[in-house]
Structures are given as structure tokens and as C-alpha cells.
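Below: the structure, in C-alpha cells.
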Amino acid sequence: MAKTREQKEADVKALAEAFSGSKIAVMTDYRGLDVPAISELRSQLREAGISYKVSKNTLVKVAIAQTDLKDSDTSAFKGPMAIAFGQDEAQTCKIIADFAKANESLEIIGGLDESGKVLSAQDVLALAKLPSREVLVAQVVGTIAAPLSGFVRVLNGNITQILYALNAIQEKKGEA
């Protein structure tokens with residue numbers, strides 16, 4: 001049964017909100033996946049707080065035109081697509097890439113980041129190899145903290161040596 005104009009307008013509005021509210025949108029060609037496989041993918045994405053919407057290419061282009069991303073080149077997006085909308089770029093790409101590796105029927109078409117830059121399938125796979133945001137933040141904090149903790153250990157070593165020397169002097173005076 002064909003969708004009515006009102007249903008299409010509602011779909012476009014929902015897609016436009018999803019594009020505006022996410023940091024990355026990963027486009028996939030889901031044709032060839034059976035229902036259990038799509039359900040499994042949706043479940044994995046839902047656990048990570050990522051929404052996954054199936055839409056026609058024309059509706060996606062109209063939705064993009066209604067957002068700040070309207071200047072994006074969407075010519076690479078062809079055919080029916082399922083789009084994963086996420087807040088963590090690396091995590092979103094990683095889940096999609098891992099699932100595509102396990103299920104060859106899922107093809108990554110590309111992506112669109114929050115600035116409107118169109119990403120190729122290779123760009124999405126490169127993002128999938130990055131650690132998550134939390135891991136990157138922890139690595140930066142560790143890198144910043146390492147010299148400080150080393151400095152504290154050096155100062156602590158000097159203070160410890162002074163305390164040993166004072167204890168030795170006190171013991172000598174106590175024996176005399």
C-alpha cells in the first residue's frame with residue numbers, strides 16, 4: 001500500500017529532526033538482510049542509543065534539504081536506505097561496520113557528519129577503527145597526567161630522603 005502525502009511529510013519531518021539532532025548519519029543498503037538480521041542490528045544499535053530508520057532515497061534528500069545540511073552532496077545516496085543516527089561517531093560506525101563484516105548483505109553506502117560533510121564507505125570504516133570518545137578522553141587525560149604524576153613522585157622521593165636523614169640524626173642523638 002502506497003503512503004499518503006501526509007505520511008510522507010511526517011516521515012520527512014522525522015528524518016529532518018534525526019539529521020539535525022545527530023552527530024553522524026551512516027547510510028546502509030539493507031536489501032538482502034532477513035528480518036532476524038535486521039532485528040539483531042536494530043537491537044545492537046538501540047542498546048547504544050542509536051536510532052535506525054528505513055527510508056526512500058527521495059525522502060532522505062528532501063529531509064536533508066530542510067536542515068542545515070542542505071548544501072551536502074547527496075548524489076551518492078541511491079536506492080532505499082536504512083540510516084543509523086548516532087551521537088558518538090566512532091561507536092556508530094563501529095557497530096555498523098562490525099555488523100556488515102558479519103553479514104555481507106549489509107552494505108555501507110556512506111555517511112553524513114554534523115557539519116554536512118559527505119563520508120564515503122571507506123571514511124565510515126576508518127571512523128569505525130577509532131576508539132570511542134570515552135577511550136580517547138581517557139588517553140588524553142592519561143597523557144596529560146603522566147608528567148604530573150612523575151613530578152609528584154620525584155618530589156615525594158626528595159621528601160622521603162629528608163625524612164630518612166632526619167630519622168637517622170634523631171637515632172644518633174638518642175644513642176649518645
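Basis for what follows: all heavy atoms, side chains included, without hydrogens, waters or symmetry-related copies.
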Which Ile, Leu, Val, Met, Phe, Trp or Tyr residues join [X] in one cluster when any pair of side-chain heavy atoms under 4.5 Å counts as a link?
X	value
V140	I144
V137	V141
V35	none

Honestly curious: do [X] and [Y] fall in one hydrophobic cluster under the side-chain, below-4.5 Å linking rule?
X	Y	answer
I95	L33	yes
V118	L125	no
L112	I83	yes
I109	L106	no
L119	M27	no

So side chain to side chain donor-acceptor pair (under 3.5 Å) across residues 100-114, not counting sequence neighbours, yields D113-S115

So the side chain to side chain donor-acceptor pair (under 3.5 Å) pairs with at least one residue in residues 83-93 (sequence neighbours excluded) are none

What residues form a side-chain contact (heavy atoms from CB on, under 4.5 Å) with [X], not counting sequence neighbours?
X	answer
R42	I38, R46, Y52, V54
N167	Q170
V12	L59, V62, A63, Q66

In short, salt bridge (Lys or Arg N to Asp or Glu O under 4.0 Å) pairs touching residues 51-61 with sequence neighbours left out are none

For A121 and I108, the nearest pair of non-hydrogen atoms, with its separation, is CB-O, 3.4 Å

Ignoring hydrogens and geometry, is there a side-chain-to-backbone donor-acceptor pair from S43 to S39 under 3.5 Å? no

Problem - Heavy-atom side-chain contact between L130 and V135 under 4.5 Å - result: no

Is E40 close to P36 at the side-chain level, that is, under 4.5 Å between some pair of heavy atoms? no

Residues at least two apart in sequence or cross-chain that pass salt bridge (Lys or Arg N to Asp or Glu O under 4.0 Å) with D123, listed by chain then number, are none

CE of M81 to CZ of R31, rounded to nearest 0.5 Å, is 10.5 Å

If you look only at distance, which donor and acceptor atoms sit under 3.5 Å apart when one is on a side chain in residues 13-26 and the other is two or more places apart or in another chain?
from: S20; atom 1: OG; to: A16; atom 2: O; distance (Å): 3.0
from: S22; atom 1: OG; to: A18; atom 2: O; distance (Å): 2.9

### Message
Tell me whether the count of non-hydrogen atoms from other residues, nucleotides or ligands lying under 6.0 Å of CG in D98 goes above 12.
### Response
yes

Contacts of Q161 meeting side-chain hydrogen bond (donor to acceptor under 3.5 Å, both in side chains) (sequence neighbours excluded), chain-then-number -> none

